Number of protein chains: 2
Amino acid sequence: MPRSKGPAQPPAETGPAAARHLPEATLVRLTQYLRALTELREAGRARASSEVLAEAAGVNSAILRKDLSLLGSYGTRGVGYETEVLAQRITECLGLTHEWRVSIIGAGNLGRALSGYGGFRNRGFSVVALFDASPDLIGRDVNGLRVANVAFLEDVLTFTRTNMAVLAVPGPVAQGLVDRVVRVGVRSILSFAPVVLQVPEGVTLRKVDLATELQILAYHAQQAAHADPERS
Amino acid sequence: MPRSKGPAQPPAETGPAAARHLPEATLVRLTQYLRALTELREAGRARASSEVLAEAAGVNSAILRKDLSLLGSYGTRGVGYETEVLAQRITECLGLTHEWRVSIIGAGNLGRALSGYGGFRNRGFSVVALFDASPDLIGRDVNGLRVANVAFLEDVLTFTRTNMAVLAVPGPVAQGLVDRVVRVGVRSILSFAPVVLQVPEGVTLRKVDLATELQILAYHAQQAAHADPERS
DNA sequence: GTGTGTGAAGTGTTTCACAGCT
DNA sequence: AGCTGTGAAACACTTCACACAC
């Protein structure tokens, strides 16, 4: 903090775990930095400059430095960042020291794909339950989990101490499930259902929508075709 | 256009299909409006005000009107928007009149889930091929598609006139596949691989990253817990 | 009267460029 | 000398609020 305004007043951090209210765009990039740092560490690099890190994360170095400065001063001028220290710091900020217990609702193709996704088990996420409504699926073993009956959703969520829910169900039933999940205290939901969902204050909902992604690609492809009408 | 600046100069639209360079954020919402319009039309509504439409799409009405104004004047003051006309207009703008031929690369859990996803077949997207490298999967029938050998990727992409690729493969092989896909002229790629990917100018790449989504949820949950330390 | 379309203001994010620490 | 951390400028996006068309 090289500049003091008026009477010296250190910025009153409540400790190294501070950093309130990170911008949404920064959060997305922090996860990328974390991945890049993991790769660099596996490659044996103890230090990296903002330039190197930015390259590995696929962003420019100015925004990387700006993002990291929001977490506090964790680099060394003239040298760079220590990969281990920085990775630890980002992990802390993102709340990944906490253990997150994820339940997946919907054991169709997508739900099964998610339950087997390796990225979950890393970094403090563990899948603790998988639900479905279909008698054909209930009781079956999927990636080491027994598919539970969604009729018992509330009991199982409570018993497993679930604190994150992933919805991989058809649109029409999604809102009802959101309501049930919220009622037993889950406050973080990731939905793959292509519908608008309402959640009360204090509950975070994120959506992934495959149709939206394709439609945006279509737009850009069409634009490119306008500029250069060649390959369809 | 109620206001002319200086000598009358109509905004030189090249026709109703114009609307260059829509902001990324607007594109995302346009897909939501399109879905909302489809629902409204199915419910028999021929007209809707920005208020009603915004509610159905889960956004506020001011931004909806601003977004739609970028496509031209398609509403009627004092009345609202005609659902059919507007849906048609958005469909046009997004490039969904074109037929998009999608190949899915990777027939693991996720690739299979994607190939069966109903949202693809609607709105001009058709899945024309599904690839894998594993002898256990090649030749098997998945949702009416025979899994093709990724060794023949180039030939099959060309033969099927693929113009969009979806990557559902492990991180380490993703960049190589991007390069191959780009080399045969595909310019729109959606990747589920959790790695930074490089594409040349003129190719659009979008990424969906499950680990990132969960990590962002974790951050918000942690923030909420700081404010109100109660349920884990 | 009603509800769109849009300037203007407000807010958020990125880039620039360089002072200052190592 | 080199690289971080950060004000300041530029850019992007959202919200406000109201003139105007119907």
Side-chain angles (χ1 to χ4, degrees), chain A residues 1-6 10-11 13 18-30 32-33 37 40 45-83 85-86 89-90 216, chain B residues 1-6 10-11 13 18-30 32-33 37 40 45-83 85-86 89-90 216:
Chain A
M1 295 289 172
R3 224 176 197 290
S4 54
K5 3 175 170 175
E13 297 266 330
R20 280 307 112 77
H21 295 311
L22 299 171
E24 201 62 24
T26 295
L27 287 175
V28 173
R29 287 187 300 265
L30 283 179
Q32 295 163 0
Y33 304 157
L37 284 166
L40 289 169
R45 296 195 61 144
R47 289 208 198 89
S49 68
S50 62
E51 202 65 60
V52 167
L53 235 177
E55 159 91 34
V59 302
N60 79 58
S61 64
I63 195 90
L64 178 139
R65 291 200 304 278
K66 186 70 106 180
D67 286 338
L68 294 184
S69 78
L70 297 175
L71 315 187
S73 266
Y74 284 79
T76 309
R77 292 174 190 218
V79 177
Y81 300 89
E82 289 200 35
T83 52
V85 173
L86 186 55
R89 177 69 181 128
I90 295 176
I216 293 172
Chain B
M1 296 288 174
R3 226 174 195 291
S4 53
K5 0 176 172 174
E13 296 268 328
R20 280 308 112 78
H21 295 311
L22 298 172
E24 201 62 24
T26 294
L27 287 175
V28 174
R29 286 187 302 266
L30 284 178
Q32 295 164 0
Y33 304 156
L37 284 166
L40 289 170
R45 297 195 61 146
R47 289 207 199 88
S49 67
S50 62
E51 202 65 60
V52 167
L53 234 177
E55 160 91 34
V59 303
N60 79 58
S61 63
I63 195 93
L64 179 139
R65 290 200 303 280
K66 187 71 107 182
D67 286 339
L68 294 185
S69 78
L70 297 176
L71 315 188
S73 266
Y74 284 79
T76 310
R77 292 178 188 213
V79 178
Y81 300 89
E82 288 199 37
T83 52
V85 173
L86 187 55
R89 178 69 180 129
I90 295 176
I216 293 172

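Each chain gets a letter, A, B and so on, in the order the sequences are listed, and its residues count up from 1. Heavy-atom basis, side chains included; hydrogens, waters and symmetry copies ignored. All values reported here derive from a predicted model rather than from experimental measurement.
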Check the phosphate of D:dG5 against A:Ser73, side-chain N and O only, distance under 4.0 Å to OP1 or OP2. Yes or no? yes
Between A:Tyr81 and D:dG5, is there a side-chain N or O to OP1/OP2 distance below 4.0 Å? yes
A:Leu64 CG to D:dT6 C1', straight-line distance once rounded to whole Å: 14 Å
Using a 4.0 Å heavy-atom cut-off across all strands, classify B:Arg29 as base, sugar-phosphate, or nothing. sugar-phosphate
Side chain of A:Arg77 only, please: which of D:dA21, C:dT6, C:dA19 is the nearest? C:dA19
I want to verify a distance call: between D:dG5, D:dC13, C:dG3, whose nearest atom is closest to the B:Ser49 side chain? C:dG3
From NE2 of B:His21 over to P of D:dC11, roughly how many Å is that when rounded to an integer? 16 Å
Please pick, from C:dT14, C:dT22, D:dT15, the nucleotide with the shortest atom-to-atom distance to any side-chain atom of B:Ile63. D:dT15
Using OP1 and OP2 only, check whether a side-chain N or O of B:Asn60 sits under 4.0 Å from D:dT14. no
Just compare C:dT13, D:dA19, D:dT14 and give me whichever is closest to any side-chain atom of A:Pro23. C:dT13
If you apply the rule side chain to side chain contact (heavy atoms under 4.5 Å, CB included), what do you find for A:Thr76 with A:Glu82, and how did you get there? CA-CA 8 Å; A:Thr76 309; A:Glu82 289 200 35; 5.8 Å; no
Evaluate B:Leu30 against A:Ile216 for side chain to side chain contact (heavy atoms under 4.5 Å, CB included), listing each step before the verdict. CA-CA 9 Å; B:Leu30 284 178; A:Ile216 293 172; over 6 Å; no
Which of residues 50-57 of chain B sit near DNA chain C, with a heavy atom under 4.0 Å from it? B:Ser50
Picking from C:dT15, D:dA17, D:dT4, which would you name as closest to the side chain of A:Lys66? C:dT15
In short, A:Arg29 meets A:Val59 closest at the heavy-atom pair CD-CG1, 4.0 Å
Contacts of A:Ser49 meeting side chain to side chain donor-acceptor pair (under 3.5 Å) (sequence neighbours excluded), chain-then-number -> none
How far does CG of B:Asn60 sit from OG of B:Ser50, to the nearest 0.5 angstrom? 9.5 Å
Using heavy atoms to find the nearest nucleotide of DNA chain D for A:Arg65 and B:Glu24 separately, return the residue whose nucleotide is more 5′. A:Arg65
Interatomic distance, B:Glu82 CD vs C:dT4 C1' [rounded to whole Å]: 14 Å
Gap between atom CZ of A:Arg45 and atom OH of A:Tyr81 - 0.5 Å precision: 14.0 Å
Side chain to side chain contact (heavy atoms under 4.5 Å, CB included) involving B:Ala56 - partner list, sequence neighbours excluded: B:Ala36
Euclidean distance, atom OH of residue A:Tyr33 to atom C1' of D:dT4 [Å, nearest integer]: 14 Å
Starting from C1' on D:dT14, measure out to CG on B:Leu68 and report it in whole angstrom. 15 Å
Could you state the CG-P distance from B:Leu70 to C:dT6, rounded to the nearest angstrom? 9 Å
From CG of A:Asp67 over to P of C:dG12, roughly how many Å is that when rounded to an integer? 16 Å
